[in-house]
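Counting starts at 1 for both ligands and their atoms, in listed order.
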Amino acid sequence: MIAPREPDSRTVATDRHRRLAARLDGIEPFHVMALLARARELEAQGRSIVHMEIGEPDFQTPQPIVDAALKAVAVGDMHYMPALGMPALREAIARFYHDRYGVDISPARIVVTPGASGALLLAVSALVNPGDRMLMTDPAYPCNRHFVRLVEGVAVCIPVAADTRYQLTPELVRGHWNARTVGVMIASPANPTGTLIDADALAGIAGTVREQGGALIVDEIYHGLTYDGDARTALALGDDVFVINSFSKYFGMTGWRLGWLVAPESCIPAIDRLAQNVFLAASTPAQHAALAAFTPENLAVLEARRRAFRARRDYLVPALAALGFEIALKPEGAFYVYARCKRFSRDSFALVHDLLERAGVAITPGIDFGEHRAAEHVRFAYTTSIENMQEGVRRLSAYLA
Ligand SMILES: Cc1ncc(COP(=O)(O)O)c(C=O)c1O
């Protein structure tokens, strides 16, 4: 019999009866969620709010995907899928790499997951032991450091700025690598900056990581949403790279919770075991629906949306610059503008709250993405129409005046 476990001395007391694990200490909420809740409250009181805080496309899921889901649900076989994903979907994703990037990936390397979130969790859990260090940028997508924390690793958040396109370089990676470092996490295009990593820098990082026997994880969730040419996949750099992607953003399926991980083939049996235990499988109806994501009919819808996002970026960036926000680099992808607001406030957290209350404009404070110059920055999301953004810019202009 397994003896009942005594409460760990490292656990955190929340009240007299319940203790939560100490690892929760390092896991912060999204500040923007509190802001969104306040925005909804104001809307319920009849106030009009321009939403430029939300990190998901305002477009609905494309009709071909919805139709495929309805058809599959009507047939009714909604049993569990294999933990690695529906074989036909893994093959469809592999074909997509061939058609879009000219890269041949074995479907055996593809794991279908509950969103990119599930893929990140699997990759980090498979690679990081307690105390191991994982390198990433500051600012970055906040969940990355929290996933590392969850498995009791150490997220090493390296301050970056416009001089490196807010991305890591081989020099930064070498300079921060030590005996406890196990890998590097990169997102390109990145959240919150929308910048792509330079191809040579990425190849250099892949080489450095390989020399050190570490792992390179590249999050390509915003691929397809690039506006000055297509991004190249890091999978072209070798079959030892871990790539994260998702149906959430480009494919317009945020709420369906479906993404994927491409991992080195030797890691797949271990990741299969992990996936079986952690999720059992990704959603069956969502996987049927996603089979329609790569059809020419659907890709035509997505490409029209990409053009709409580009037009939004091309409206918003100069409009914000004209108001006095400093935008060091034109974002090349995703749907975010990372803007310096120091001219208006040294406390972007206070600024975004005041903006919401007094101007009815919701944006995200820099603190959601790290610590480095966070108080000087805010993120605007162009996940709303140009008309709405024009109204937002009018309100910002009046507020800042
Ligand atoms: C860089 C990045 N990676 C991963 C995710 C998670 O996406 P999902 O789990 O919806 O696929 C997000 C969501 O905003 C993101 O910005």
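- Summary of contacts: the protein heavy atom closest to atom 7 (O) of ligand 1 is Ile221 CD1, 3.3 Å.
- Checking only distances, Lys249 does come within under 3.5 Å of ligand 1, N or O to N or O.
- Residue-to-ligand polar distances place Tyr222 within reach of ligand 1: an N/O pair is separated by less than 3.5 Å.
- Within the listing of ligand 1, atoms 9 (O), 11 (O) sit less than 4.0 angstrom from a heavy atom of Gly115.
- Just one residue in the list Tyr227, Phe335, Tyr141 forms a ring-ring contact (aromatic ring centres under 6.0 Å, His included) with Tyr222, and that residue is Phe335.
- Considering backbone and side-chain atoms alike, Thr254 places every N or O at 3.5 Å or more from each N or O of ligand 1.
- Of the N and O atoms on the side chains of Asn245 and Tyr250, not one donor lies less than 3.5 Å from an acceptor on the other residue.
- Salt bridge annotation for Arg174-Glu211: absent, with no cationic side-chain nitrogen under 4.0 angstrom from a carboxylate oxygen.
- Salt bridge annotation for Glu303-Arg307: absent, with no cationic side-chain nitrogen under 4.0 angstrom from a carboxylate oxygen.
- With atom 2 (C) of ligand 1 as the reference point, the heavy atom nearest to it among Ile244, Asp219, Asn191 is part of Asp219.
- Taking the six-membered ring for Trp and the full ring otherwise, Tyr101 and His223 have centroids separated by under 6.0 Å.
- In this structure, Ser188 contributes its side chain and Ile197 its backbone to a donor-acceptor pair below 3.5 Å.
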Go through the steps to decide whether Trp256 and Phe251 satisfy the test side-chain contact (heavy atoms from CB on, under 4.5 Å), and finish with yes or no. CA-CA 11 Å; Trp256 299 73; Phe251 296 98; over 6 Å; no
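- For atom 9 (O) of ligand 1, the closest non-hydrogen atom on the protein side is Ser117 OG, 2.5 Å.
- Those atoms of ligand 1 that come under 4.0 Å of a heavy atom in Arg257, given as number and element, are 8 (P), 9 (O), 10 (O).
- No heavy atom of Glu56 sits closer than 4.0 Å to any atom of ligand 1.
- Atom numbering of ligand 1 starts at 1 in the shown order; those under 4.0 Å from a heavy atom of Ser248 are 8 (P), 10 (O), 11 (O).
- For atom 6 (C) of ligand 1, the closest non-hydrogen atom of the protein is Tyr141 OH, 3.3 Å.
- Less than 6.0 angstrom separates the ring centroid of Phe59 from the ring centroid of Phe309.
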